[in-house]
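Notes to accompany the following structure.
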Amino acid sequence: MSYLEELNDAQRSAVLHKDGPSMVIAGAGSGKTRVLTYRIAHLIHGGVDPFNILALTFTNKAAREMKTRISKIVGDNQAKNLWMGTFHSVFAKLLRFEGHHLGFPSNFTIYDTQDSQRLISSIIKEMGLDKDIYKYKQIQQRISAFKNSLITVKAYYNNPELQEADAIARKPRMGEIYNEYVNRLFKAGAMDFDDLLLRTNELLNRFPEVLVRYQERFKYILVDEYQDTNHSQYLIVKALSDRYQNICVVGDDAQSIYSFRGANISNILNFQRDYDQVAVFRLEQNYRSTNTIVRAANSVISKNKDQIEKQVWTDNPDGDKIIVHRSATDADEGRYVASTLFEWKLNNQLKNGDFAVLYRTNSQSRAIEDALRKRDIPYRIYGGLSFYQRKEIKDVLAYLRLVINPKDEEALMRVINYPTRGIGQTTLDKLVVAAKETGMSIFELLSPENRSSLKINASTSNRLEDFATMIRSFQILAESADAFTLTEHVIKKSGLVLEMKKDGTPEGIARLENMEELLNGIQDFVEGQREIDEATGSIAEFLEDVALATDLDKEVGDDDRVALMTIHLAKGLEFPYVFIVGMEEDLFPSAMSMNTRAELEEERRLFYVALTRAEKQAVLTYTINRYRWGKLIDAEPSRFIEEIDEQYLDNQVVDFRRNFSPYLDTSLFGEVDHSKLRTVKPKAGTPPSIGRPTEKQLQKLRKIKPASVQPVAESATLYADLSVGAKVNHERFGTGVVQSIEGIGVNKKAEIKFESGGIKKLLLKFAKLQIIK
DNA sequence: TGCACCGATGTTTTT
DNA sequence: CATCGGTGCA
């Protein structure tokens, strides 16, 4: 049991505690994963059958990694029997076995958010409601919130307050929509993400014998990131652990960042009230970060009122101060990140993988990407629009879903007329209505005997027949072929490949390549699954994997790249060098989250998470102007910068007013008095927001401070001297003549008459015009 | 029924 | 700027 020697006292006692409830409060970087891993290994060592252990982690990747480490201690044979994974994937698996009690087939489809929203959208339309009042995204979020709080349709109707709230919000028919949504999911043999938890609760509640069976099975339960569990998850854990009370939760209230999806911080705050005789362990020594980073992070989080008392500290050296950097625009910010990263990499012989760029919103990645690409720095974006959410991929998956579960209405609606095969909206409307009236699924309605009762003309009827026949032929193939063979067949026969090929545009080609990548992915999957017992490499398994895979789950392995991701995704990860970009008011903290103290505190925790990802060096950047919705807006430094104890900052910013010069590049700024940071609010119309310096002005500037000038965008001077009458070339519209010019700086627009016909008003910033001499 | 084009509209964060 | 739904024409 040499592994026990690798632990500090607090960690060791948490690992050694065997029976009864325990809670591990683990500060950032305090070796939480190590405790979880060793605790599981130790349980197995002590004679607990791995079959009786359930470990709920935050990502599937974390589960896999932990499993690998556990195998190294206790051996493969033992480790493979562990049930380990995210709440969603573990209980999806459980529902595949037990869902029949609730009337769900074992091959139920998992709807992602987009599927849910599409379904809600069509329900709103069918009910003839005003889509400007009943916004499908809002409705989906509200329903999701209901489900996460275990408010079923019935509970909703028993709750006058909720109904009243919806009535006041001018959505009196919310309940009906909710009801219809639940029914439609059921009829489609589908569950949304929230259902995976809600239906598990329903199952355990309504079927005591099932509950007992799993209580007996999961004698030891471990929950990671407990601070981010929602009510639904809380109840599942409570129910399953009720018999043996061998529940160990690990978490850090200071890192609770998922309240927007129902996470309830009081789950962890009240844990000691919920269980008797809770053993509490505190991990307060940070092994990850420099003393500077640890203390800076502490100084920020101490501003929060709601928290469990704890003091994170470290033995690590002080390290460098946290760099704060200001840029003129988001493009400049990207350039600063890229050049700094490049320089450090060169000077210190670092790898790309030593760096992460973290941001609050996915849309911020673009400027960073552009800058990194220009410097040929390899990067990888995590999250955002994931591969499996791309249209062309979802289309392929929809065909496959339909093969597995023909009742899957969203999948059917997606592909019944894509590629187009002459089945139009009118026909679809008829089908939806008939499906509602008869209780049959749309796919069932496609068969000749059911179809005949609909008022559909003969040629359309034939097309429906062809579609149904095609899907059935796929289903037959699926019985004998593996996932790869089936998918290859499907994309050919469905006409998807042809559709892509005839497109011919660069985007079309990219889409085709994506499909190939999907095929490769499926091939890998099939081969990988064959090595696992019980797994067959079937398409059903693949689809489940895809539905619940986090972007972090994809093993991209060995290639050395800079990581770009949102702070949310970065939770649990660590990097030597971390750039936190977009440190601006309204962005971080987000404008949407400043209404209440609780919201603001969550943003602050998010910042705490971001900061504590860094091992050696953290860099905070903000801009003066940033593009949002394609418009340049003023920005102001985030309050969070100010909240860091000044002594930990290396503030590379000067008082704006003092050093102001309209064409000064931001990298010229020297040291600054930190307290001035937010007193300088560039107002709309101040020169820097007008645009970039011209080449001439830059040259003048270089004479003054030659070394510090950053390269300016190539496009900068392209339109500076554009005048009426100039002949220009546009990528898409061809050549034309400038008719008039309006606006100034980046907002400059030109009206251009193109030879191809038509006059267009273009924002020069985006138009990428070439001036033809 | 299909397709090209227009304008309105929207953004946190994710399983 | 991206996406989506609606509109108007072939």
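All values below come from the heavy atoms of this structure, side chains included, with hydrogens, waters and symmetry mates left out.
- A cation-pi arrangement, defined by a distance under 6.0 Å to the six-membered ring centre and an angle within 45 degrees of its axis, is present between A:Lys391 and A:Tyr418.
- Along DNA chain B, the nucleotide nearest to A:Arg628 and the one nearest to A:Ala547 differ in position, and the one closer to the 5' end is contacted by A:Arg628.
- Summarising the geometry, the separation between CG on A:Asp132 and P on B:dT9 is reported as 7 Å, rounded to the nearest angstrom.
- Contact annotation: A:Thr426 reaches the phosphate of B:dT1 (side-chain N/O to OP1 or OP2, under 4.0 Å).
- The phosphate of B:dG2 (OP1 or OP2) has a side-chain N or O of A:Asn417 nearer than 4.0 angstrom.
- The base of B:dT13 sits with one of its N or O atoms less than 3.5 Å from a complementary donor or acceptor on the side chain of A:Arg360.
- Rounded to a whole angstrom, the distance from the P atom of C:dC4 to that of B:dT13 is 16 Å.
- In this structure, the nucleotide among C:dA2, B:dT1, B:dT13 sitting nearest to the side chain of A:Arg366 is C:dA2.
- Side-chain atoms of A:Thr361 and base atoms of B:dT13 include no donor and acceptor less than 3.5 Å apart.
- In the set C:dG6, C:dG5, B:dT15, the nucleotide with an atom closest to the side chain of A:Ser121 is C:dG5.
- The aromatic rings of A:Phe607 and A:Phe640 lie parallel to each other, with less than 30° between the two planes, well short of the 60° mark.
- At B:dT12, none of the side-chain N or O atoms of A:Asn362 fall inside 4.0 Å of OP1 or OP2 (strictly under the cut-off).
- Between A:Lys571 and the phosphate of B:dT14, there is no side-chain N or O to OP1/OP2 separation shorter than 4.0 Å.
- Residue A:Thr86 places its side chain closer to B:dT15 than to any other of C:dC4, C:dG6, B:dT15.
- Between the P atom of C:dT3 and the CD atom of A:Gln389 lies a distance of 12 Å, rounded to the nearest Å.
- Inter-residue side-chain proximity for A:Val250 and A:Val223 is flagged as unmet; no heavy-atom pair is nearer than 4.5 Å.
- Side-chain nitrogen and oxygen atoms of A:Thr427 include at least one within less than 4.0 Å of the OP1 or OP2 phosphate oxygen of B:dT1.
- Checked against B:dT12, B:dT9, B:dT15, the side chain of A:Lys135 finds its nearest nucleotide in B:dT9.
- Closest to the side chain of A:Leu569, out of B:dT14, C:dC4, B:dT12, is B:dT14.
- Along DNA chain B, the nucleotide nearest A:Thr113 and the nucleotide nearest A:Arg421 are compared for position; the residue whose nucleotide lies closer to the 5' end is A:Arg421.
- Using a 4.0 Å cut-off between charged nitrogen and carboxylate oxygen, A:Glu465 and A:Arg451 count as a salt-bridge pair.
- Set against C:dG5, B:dG10, B:dT13, the side chain of A:Thr566 has B:dT13 as its closest nucleotide.
- What separates CG of A:Leu358 from C1' of B:dT14 is a distance of 16 Å, to the nearest Å.
- B:dT14 atom C1' lies 12 Å from atom CD of A:Gln233, rounded to whole Å.
- Protein atom CZ of A:Arg463 is 8 Å distant from nucleotide atom C1' of B:dT1, rounded to whole Å.
- Stacking of A:Phe260 onto the six-membered ring of B:dT13 is present: less than 5.5 angstrom between centres, less than 30° between planes.
- Geometric assessment of A:Arg380 against the ring of A:Tyr382 yields a positive cation-pi assignment under the 6.0 Å and 45° thresholds.
- A donor-acceptor pair under 3.5 Å is absent between the side-chain atoms of A:Arg360 and the main chain of A:Phe588, judged by distance alone.
- Rounded to an integer number of Å, the gap from CG of A:Asn230 to C1' of B:dT14 is 12 Å.
- Summarising the geometry, the separation between OH on A:Tyr258 and P on B:dT12 is reported as 15 Å, rounded to the nearest angstrom.
- Counting to the nearest Å, the C1' atom of C:dT3 and the NZ atom of A:Lys137 are 8 Å from each other.
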